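Structure first, commentary second.
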Amino acid sequence: MPELPDVEKFRLYLQSTALHQQIRTTSIVDAAVLKGIGESHFSESLRGRTFEKAHRHGKFCFLRQDDQRFVFLHFGMTGFVKYYTKEMTAPEHIRLSFEFTNDYTLAYNCQRKFGQVGITNDIEGFIDSEELGPDALDGEFGEDEFIQRLQGRRGMLKTALMNQQVIAGIGNIYSDEILFQQRLHPKISLGQLKKTTLQRIYTTMREVLTKAIHAEADPAKMAPSMLTHHRYGDGKCPSCKADIEKIEVAGRRSCYCPSCQDN
DNA sequence: ACATTGACCTGAGAGC
DNA sequence: TGCTCTCAGGTCAATG
C-alpha cells in the first residue's frame, strides 16, 4: 500500500493512539525488518521510553522518543501499524511490537518483509543518508524547486516522480494518478515537457496527494474523477468511459486511459 | 545517466 | 477441495 497518503494516515493514527505511553517491552518477531541495529540493542534502547510525536517524510514515518531519538518505520508494499488490546484480534504478520504499560500493544505488521524499522538520532541526518528528495507535500517544497529537480533529467516522467531521491513520497499508484489528471501518457519522457506543463504537474501532484489524504488513502472514498477510484473496480475511465489499460512502465504495472492519455 | 531485469519475501486470488 | 500460477501500491544491485 504505502505511498505518501497511506503513510500520512499511519502518522495520524499513531499520533492519536500510541503517544505518551511508556513501553514495557519490545517484541521482535522477525529481525529481518530491523535495519542498522541488532535485536537486543533495539529492545534495550526502547525499554521505558515513550513516543512523543509522529513525523513523516515521504514514505517514512518517525516516532520521536522522549530521549529525542527516533524510531523510523518504512512500510514496504504491505506494511501498516495497529494499536490494540488483548481483547481485540491481533493483526497477522506482526514483525515487531511494543507493549505499553497501559496494556495496549502497537504492532508493526508487514506481510512481505520489504519494510524496515530502525533508530536514528535525527530526521535531517536520516534524510541525508538515505539521499531522499524533499517531501512531495512539504510547505517549503515549491514549484521552482520542483521544476529545477525535474528539468535536465532524462528518462520518463513517471520514473522521476517515483524516484525517492528526486521527490519523496510518490509511488506507482499516485504517479499514475498524476499522469491521468494531466492526461499524459505513462511513458512520456521529461524532454517532451514544457516548463508550463511542469508547473501544472506540480500543482496536480499537490492536489492529488492532498485529496488522497482527505480520502484516507482509500480508493473507494476518492472522487469518481480520480483514476485510483476506478483502477480496482469497474476499470473504466471516469472521463470517457473507455477501458483502463495496463501496461508495464519502468518495471511496474501502469494503469491509464488509452483514449485520454494518448500523447 | 538511464532502462531493464531479477532478486528480495509472502500470501491472496484466479484458473483448472 | 486442492493445486498451480500470477500478481502485488517498494527498493536495490547488476547489467546493457
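Letters A, B, ... mirror the listed sequences (proteins, then strands); counts begin at 1. Note that the coordinates shown come from a computational prediction; the quantities given were computed from them, not determined experimentally.
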Salt bridge present between [X] and [Y] (N-O < 4.0 angstrom):
| X | Y | answer |
| --- | --- | --- |
| A:R252 | A:E248 | no |
| A:R24 | A:E99 | yes |
| A:E216 | A:K9 | no |

Length of the [atom1]-[atom2] vector between [X] and [N], whole Å:
| X | N | atom1 | atom2 | value |
| --- | --- | --- | --- | --- |
| A:E248 | B:dA3 | CD | P | 14 Å |
| A:R252 | C:dA8 | CZ | C1' | 9 Å |
| A:Q116 | B:dC8 | CD | C1' | 12 Å |
| A:I170 | C:dG9 | CD1 | C1' | 13 Å |
| A:I188 | B:dA3 | CD1 | C1' | 18 Å |
| A:R231 | C:dA8 | CZ | C1' | 11 Å |
| A:R253 | C:dA8 | CZ | P | 4 Å |
| A:F60 | C:dG10 | CZ | P | 13 Å |

[X] side-chain N/O to [N] phosphate OP1/OP2 under 4.0 Å:
| X | N | result |
| --- | --- | --- |
| A:H93 | B:dT10 | no |
| A:K113 | B:dT10 | yes |
| A:K59 | C:dT11 | yes |
| A:R153 | B:dA1 | no |

Inset, instruction - Considering only atom P, compute the distance from C:dA8 to B:dT5 and round it to an integer number of Å. - result: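 Per the computed distance, 16 Å lies between those P atoms.
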Legend entry - Separation between the C1' atoms of C:dT11 and B:dA12, rounded to whole Å: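 Here C:dT11 and B:dA12 have their C1' atoms 22 Å from each other.
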Legend entry - Distance-only donor-acceptor test (3.5 Å): side chain A:R112, base C:dA8: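 Yes, a donor-acceptor pair under 3.5 Å.
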Inset, instruction - Spell out yes or no: do the side chain of A:D6 and the base of C:dG9 have one donor N/O and one acceptor N/O closer than 3.5 Å? - result: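 Yes, a donor-acceptor pair under 3.5 Å.
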Inset, instruction - Find which nucleotide of DNA chain B each of A:G152 and A:D30 is nearest to by heavy atoms, and output the residue with the more 5' nucleotide. - result: A:G152
Inset, instruction - Please name the pair of heavy atoms, one in A:M88 and one in A:Y83, separated by the smallest distance, quoted to 0.1 Å. - result: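 The answer is CE-O, 4.3 Å.
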Legend entry - Considering all heavy atoms, the nearest A:C257-A:F180 contact: CB-CE1, 4.2 Å
Inset, instruction - Compare the aromatic ring of A:F114 with the six-membered base ring of C:dT11 and state whether they stack according to the 5.5 Å and 30° rule. - result: no
Legend entry - Check: A:F60 ring centroid to A:F126 ring centroid under 6.0 Å: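 For A:F60 and A:F126, the ring centres are under 6.0 Å apart.
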Inset, instruction - Give A:Y232 one of three labels, base, sugar-phosphate or nothing, depending on what nucleic acid heavy atoms sit under 4.0 Å from its own. - result: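 Base contact.
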Inset, instruction - Check every strand shown and say whether A:T159 touches a base, only sugar-phosphate, or nothing at a heavy-atom separation below 4.0 Å. - result: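 Result for A:T159 = sugar-phosphate.
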Inset, instruction - Look through every strand shown and name the nucleotide pairing with B:dT10 as Watson-Crick or G-U wobble, where both distances are under 3.5 Å. - result: C:dA8
Legend entry - Nearest-nucleotide comparison on DNA chain C, the residue closer to the 5′ end among A:Q111 and A:M162: A:Q111
